[in-house]
Amino acid sequence: MIPLHLGALHPVEQIATIVLAFGPFVVLGIVIAVKRRAEDRESAESGESE
């Protein structure tokens, strides 16, 4: 059986592939950064009030 090649990807398909490949990691990084900032702000506020 010879694998068939459908040709080069359309630019929209290339963008979709990149977004699907790297998008979840970008979103995870943003969530981690926001959560750390919130925790840092929370610990700074609780440290000042003690």
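As the structure is a computational prediction, the values presented were derived from the model and not from experiment.
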Can you give each donor-acceptor pair under 3.5 Å made by side-chain atoms of residues 27-38, sequence neighbours left out, with the distance rounded to 0.1 Å?
none

Practice item. Determine whether more than 12 heavy atoms belonging to other residues, nucleotides or ligands lie under 6.0 Å from atom CD of E42. Key: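 Counting neighbours around CD of E42, 12 or fewer heavy atoms of other residues, nucleotides or ligands fall under 6.0 Å, so no.
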Exercise for review: Could you list who else is in V12's hydrophobic cluster, with ILVMFWY side chains joined at under 4.5 Å, directly or through other members?
Suggested key: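 None; V12 is a cluster of one.
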Exercise for review: Nearest 0.5 Å please: distance from the NE2 atom of H10 over to the CD1 atom of I15.
Suggested key: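 Reported value, rounded in 0.5 Å steps: 9.5 Å.
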